[in-house]
There are 2 protein chains.
Amino acid sequence: MGRAGSTSAGAAAEGVPPARTRPPSQADVAALAGVSSQTVSRVANNKSNVDEETRQRVLAAMRMLGYRTNTAARALATGQFRMLGVISFDLSAHGNARTLQSIAAVAQDAGYSVNVAVVKTATEGAVRQAFTQLTSQAVDGIVLIEAQILDRPELQLPPGVPIVMADGNPGQRFPAVDNNQLLGARTATEHLLSLGHATVWHLAGPQDSYSARHRVTAWHAALKEAGAPVPPVSYGDWSAESGYAIGRELAARDDITAVFAGNDHMAIGLIRALAEAGRSVPDDVSVVGFDDIAEARYLEPPLTTVHQDFEEMGRACVALLLRQIEGGESIAGLVDSVEPRLVVRASTAPPAKGRGVRKP
Amino acid sequence: MGRAGSTSAGAAAEGVPPARTRPPSQADVAALAGVSSQTVSRVANNKSNVDEETRQRVLAAMRMLGYRTNTAARALATGQFRMLGVISFDLSAHGNARTLQSIAAVAQDAGYSVNVAVVKTATEGAVRQAFTQLTSQAVDGIVLIEAQILDRPELQLPPGVPIVMADGNPGQRFPAVDNNQLLGARTATEHLLSLGHATVWHLAGPQDSYSARHRVTAWHAALKEAGAPVPPVSYGDWSAESGYAIGRELAARDDITAVFAGNDHMAIGLIRALAEAGRSVPDDVSVVGFDDIAEARYLEPPLTTVHQDFEEMGRACVALLLRQIEGGESIAGLVDSVEPRLVVRASTAPPAKGRGVRKP
DNA sequence: ACAGTATGAACGGACACTTGA
DNA sequence: CTCAAGTGTCCGTTCATACTG
């Protein structure tokens with residue numbers, strides 16, 4: 001028996017109904033089935049070399065006792081945890097939640113469970129702490145979602161743990177899955193230009209976000225290539241609230257006819273601000289969002305936006321992680337790309353005549 | 001050395017750059033610091049009985065080696081995992097994601113990490129499987145978010161694992177945290193009635209959802225008490241898409257002046273359908289949502305809705321779980337309530353004159 | 001020789017004791 | 001007798017090896 005036995009003995013003797021009794025072990029199953037615990041282990045791991053009749057007897061014993069393999073003991077023995085860690089900043093951000101959902105689903109199918117660490121403040125210390133929490137030998141690999149802060153090369157992460165960055169700057173140090181922000185933002189910008197707008201303003205996400213920066217870059221490049229003037233960038237924080245605040249400023253200028261918002265939430269706030277200022281979308285101002293949240297097509301007006309495939313993003317992240325964990329591959333710097341696509345709805349239109357028209 | 005050493009020896013000898021070397025153990029730290037592993041254990045767990053000078057030496061050695069305690073070994077020895085499991089159906093649902101976020105944050109502060117299992121299909125088997133995955137002795141307790149399917153009493157869950165239901169029917173078997181759906185839905189309905197609407201229609205969430213059913217019940221009761229006629233209920237699936245589909249049907253009737261939607265997403269779809277049918281919100285039809293998503297106040301029109309405190313929900317769930325895990329309390333049947341509140345914005349108004357006016 | 005089963009030593013850490021000053 | 005530090009054992013599984021019919 002040992003410690004556990006004697007510790008619980010007192011309580012158990014009292015006859016407390018939900019007595020926290022020690023869960024059944026392989027040894028218990030073995031005793032009941034009349035075999036060695038080694039045989040039980042083989043059955044639990046679907047190994048060969050077990051007589052079918054014996055296997056059935058063991059399985060029956062397992063069922064009877066409600067045996068579940070102790071993952072801590074297995075992890076200790078094998079050095080593998082069959083668990084993936086996910087570090088994310090904000091799960092109320094639509095994309096992050098969807099990506100996590102997908103990661104969890106795919107990981108489950110591969111026989112891994114998922115440990116989430118939410119980093120509240122985007123400080124280096126907080127991220128490192130999340131890392132420590134996760135890597136206390138408890139996960140086989142880690143996905144970092146939108147981990148802007150990690151761009152800083154001086155941040156040292158514990159070595160030896162496979163990592164994949166979802167929409168983060170991999171540098172040469174990590175593999176990453178990128179939503180091809182560049183293409184998405186370029187397409188959005190070009191869509192607006194092709195409608196005849198003289199230029200396109202940009203309501204960007206926070207400056208420390210990798211995604212936001214990429215979108216700014218692509219927007220800028222598209223404008224340059226088209227020979228359109230480049231207006232100043234406004235930085236929000238992905239929230240509808242920030243979109244609204246900045247929208248009020250933009251609405252005050254009547255030379256703006258097209259805005260590319262960094263995500264759909266900010267676009268919602270922006271459109272609200274424009275509406276309150278008496279400027280109609282898309283008649284006076286065209287707006288493009290990014291993400292294609294499920295509600296986008298039901299908004300007023302239905303939002304033209306860049307669709308992102310979060311399911312594929314999650315799948316790709318897990319795949320890259322497993323290549324490192326199970327395949328033992330070293331794939332630092334490899335970037336897998338998920339393609340976005342523009343979904344044109346009703347928030348974009350040619351500029352009102354006489355205003356902001358672009359010279360051919 | 002043993003197994004691990006000899007196993008990795010082959011690879012390490014090849015000089016592979018990121019050679020998977022065995023992580024440092026207490027023994028390694030002990031050797032470097034010139035103490036016994038027991039002393040290292042004491043330092044790692046902030047026990048007393050360690051000389052300050054010795055402690056510093058051990059801490060220095062830990063830093064040098066990058067030592068992190070092996071949670072599997074600790075769990076095996078203590079029988080505790082310091083990990084909470086969360087089972088959820090759909091993380092793209094705003095409320096679920098927010099609740100998970102809060103649970104993760106609070107759990108982290110309490111020194112627990114969070115293991116998420118996403119159940120794709122709401123079948124009993126899927127839930128049981130998620131349970132098995134989580135309870136393979138790997139979590140100390142489980143939070144079930146919106147676990148409608150578990151209402152079925154015949155579903156046997158593994159005993160011995162503390163459980164808390166978030167917005168699920170606890171029956172007498174589990175403790176639960178409830179968002180006080182009843183009060184929220186009643187307030188929403190009464191708000192519409194008090195504006196003078198003859199009655200209030202209801203666009204409900206899926207029938208197998210505990211939250212949805214509660215909201216229906218309260219809406220029904222509020223109508224009855226006010227002596228208002230009870231229109232048939234329409235059931236959606238929480239999505240804007242379903243709100244739109246049902247909204248088209250509702251928009252076809254011109255005797256409807258007020259609708260209470262089961263959540264904000266469905267409200268968005270509903271409003272869109274009404275708009276397409278040429279019916280204005282709130283001039284022709286008033287709409288109330290539920291959740292108060294961050295975008296609600298920026299929608300067109302700004303949405304009157306029932307605010308839910310998901311942060312508090314997460315906090316309460318973790319608190320209840322820890323009472324069972326650490327306090328050893330048996331609190332089956334206990335229900336903790338989180339209070340919602342109505343936020344009146346611009347999607348509700350008195351009915352247009354001559355239509356649907358309610359007799360005083 | 002072969003199929004199937006038993007044996008004992010790790011894995012890394014925690015705790016009840018024990019020993020040393 | 002107090003306080004610091006060490007010893008030995010066990011947690012439940014896996015794996016290499018030895019054993020048996």
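Note that the coordinates shown come from a computational prediction; the quantities given were computed from them, not determined experimentally. Lettering follows sequence order; numbering is per chain, from 1.
- Using five terminal pairs a side, the axes of the helix from C/dC2-D/dG21 to C/dA21-D/dT2 at its two ends make an angle of 50°, given in steps of 10 degrees.
- Each of B/R55 and A/Q26 lies near DNA chain D, and the nucleotide nearest B/R55 is the one positioned closer to the 5' end.
- Computed from coordinates, the A/Q80 CD to D/dC15 P distance equals 10 Å when rounded to whole Å.
- Of the two residues contacting DNA chain D, namely B/N49 and A/R42, the nearest-nucleotide position lying further toward the 5' end is that of B/N49.
- Of the residues listed (B/V118, B/V116, B/N115, B/V119), the one engaging B/I87 in a side-chain contact (heavy atoms from CB on, under 4.5 Å) is B/V119, and it is the only one.
- Taking atom CD of residue A/E52 and atom P of nucleotide C/dT5, one finds them 11 Å apart after rounding to whole Å.
- Projected onto DNA chain C by closest heavy-atom contact, B/N45 and A/A73 fall at different nucleotides, the more 5' of which corresponds to A/A73.
- Considering only side-chain N and O atoms, B/T39 lies under 4.0 angstrom from the phosphate OP1 or OP2 of D/dG6.
- In this structure, A/S102 has no side-chain hydrogen bond (donor to acceptor under 3.5 Å, both in side chains) partners at least two apart in sequence or on a different chain.
- Distance, B/N46 CG to C/dA14 P: 12 Å, rounded to whole Å.
- Ion pairing between A/E311 and A/R315 fails under the 4.0 Å rule for side-chain N and carboxylate O.
- Note: CG (A/N70) to P (C/dG13) measures 16 Å, nearest angstrom.
- Within the nucleic acid shown, B/T54 comes within 4.0 Å of sugar-phosphate atoms alone, with no base atom in reach, counting heavy atoms only.
- Close to C/dC15, at under 4.0 Å from its OP1 or OP2, lies a side-chain N or O of B/K47.
- The side-chain hydrogen bond (donor to acceptor under 3.5 Å, both in side chains) test applied to B/R55 returns no partner, not counting sequence neighbours.
- Contact check, B/S36 against D/dG6: a side-chain N or O comes under 4.0 Å of OP1 or OP2.
- The residue B/V40 sits apart from the nucleic acid: no heavy atom pair falls under 4.0 Å.
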